[in-house]
Amino acid sequence: MTGTGPKWQEETAYHVSKTAIERTVRRKMGEIELPSSSGLGASLYTALKHRRSQRSYSPKRMPIQELATICWAACGVNERIGKADLRTSPSAGATFPLELNLIVNNVIDIEPGLYNYRPAQHVLELLALKDMSEDTAIAMSNQGFIARAAVVLIWSAVIGPIESRYQKRAFRYIYLEAGHQCQNALLIAYSLDLSACPIGAFYDQEVANLIGIDKDEETPIYAASFGNLD
Ligand SMILES: Cc1cc2nc3c(=O)[nH]c(=O)nc-3n(C[C@H](O)[C@H](O)[C@H](O)COP(=O)(O)O)c2cc1C
């Protein structure tokens, strides 16, 4: 069914915008060890009471520790039982289908580019070094504030393993898990005095190209932008 709304609403997946964003080549180019997450900040109650989606970001660079805390809150490891890593957010059958990709624009000690958060090691894997701020905003239905964020988190799902375990319920679980992770990240951002906004208005194919994934195997699900309060 087609509606009268903006283009990105017409399909839930695999829609291509008119502005083709070249596919990013993902190369493992090294790792950045993240500092431990910070336990400072407003209480959970205060964050729940006051949080709002905020789309205005100052040009001030975000400290790496705050970025580390956001990643950890989204899907970091909080307990090891035998060989299993359990995390801050729940996952159906501990299948963990989500990948956390980062477009870093303006963070102290981290070059602008594309990264992947690896929860088990609490490191960022560097995949591409380039300024992706404008392309990110374009892929996300031209929402200009996104280009001014210090960092944009993009959750993508690896479909194969969760689908073979849960068949038709796989996507339900993927969406639910993305909600868990994004809300964790938004609440911790509030507690750290940062601005943050969830983002669902984007062109799937363009975002897949942006982060260099093959959409038949891994698909973008959700995103959020973060920065210092303006
Ligand atoms: C699934 C989802 C997708 C969203 N996508 C966008 C978006 O693309 N751009 C945007 O500016 N806000 C987006 N938002 C934020 C909503 O506009 C916002 O949550 C809503 O207006 C309520 O305001 P509040 O979050 O401050 O309570 C999204 C929120 C959700 C839950």
Side-chain angles (χ1 to χ4, degrees), residues 1 3-19 21 41-59 62 70 73-75 88-92 97-103 105-106 132-157 170-211 213 215 218-230:
M1 192 175 81
T4 51
K7 278 277 179 210
W8 55 265
Q9 281 182 357
E10 287 180 9
E11 292 177 17
T12 54
Y14 312 147
H15 183 82
V16 184
S17 79
K18 283 190 185 136
T19 321
I21 289 171
S43 72
L44 178 58
Y45 176 80
T46 306
L48 286 167
K49 191 154 166 41
H50 297 291
R51 69 115 227 127
R52 284 277 75 79
S53 298
Q54 289 172 310
R55 302 168 181 82
S56 185
Y57 307 115
S58 90
M62 179 185 284
I70 292 170
C75 56
T88 52
S89 45
S91 171
L98 296 176
E99 290 290 321
L100 180 54
N101 308 276
L102 291 89
I103 307 290
N105 297 330
N106 198 16
M132 299 171 79
S133 55
E134 292 297 332
D135 278 352
T136 307
I138 290 168
M140 298 185 173
S141 58
N142 279 309
Q143 300 183 79
F145 70 91
I146 294 168
R148 294 185 288 279
V151 61
V152 180
L153 266 48
I154 301 173
W155 285 271
S156 56
F171 266 93
R172 178 193 299 232
Y173 294 159
I174 285 168
Y175 296 140
L176 291 169
E177 292 189 26
H180 285 297
Q181 292 200 17
C182 187
Q183 178 75 346
N184 284 2
L186 297 173
L187 290 174
I188 208 89
Y190 180 89
S191 82
L192 294 171
D193 243 355
L194 298 169
S195 295
C197 184
I199 302 160
F202 53 75
Y203 298 104
D204 291 349
Q205 181 63 66
E206 295 304 308
V207 172
N209 288 351
L210 187 81
I211 61 175
I213 56 174
K215 66 175 171 48
E218 185 174 345
T219 188
I221 301 292
Y222 204 8
S225 54
F226 300 83
N228 283 296
L229 289 170
D230 201 9

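Ligands are counted one by one from 1 in listed order, and the atoms in each one are counted from 1 as well. Fair warning: this is a prediction, and the values are worked out from it, not measured in the lab.
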Taking the side chain as every heavy atom from C-beta outward, state whether [X] and [Y] have any pair of such atoms under 4.5 Å apart.
X	Y	value
Tyr222	Cys182	yes
Ser225	Leu153	no
Arg172	Leu176	yes
Leu192	Met62	no

Does the side chain to side chain contact (heavy atoms under 4.5 Å, CB included) test come out yes or no for Ile103 and Ser133, once each step is laid out? CA-CA 8 Å; Ile103 307 290; Ser133 55; 6.0 Å; no

Under 3.5 Å: donor-acceptor pair, side chain of Asp230, backbone of Ser56: no

Could you please provide the protein residues found below 4.0 Å of ligand 1 on a heavy-atom basis, arranged by chain and number? Arg51, Arg52, Ser53, Arg55, Gln143, Phe145, Cys197, Pro198, Ile199, Gly200, Ala201, Tyr222

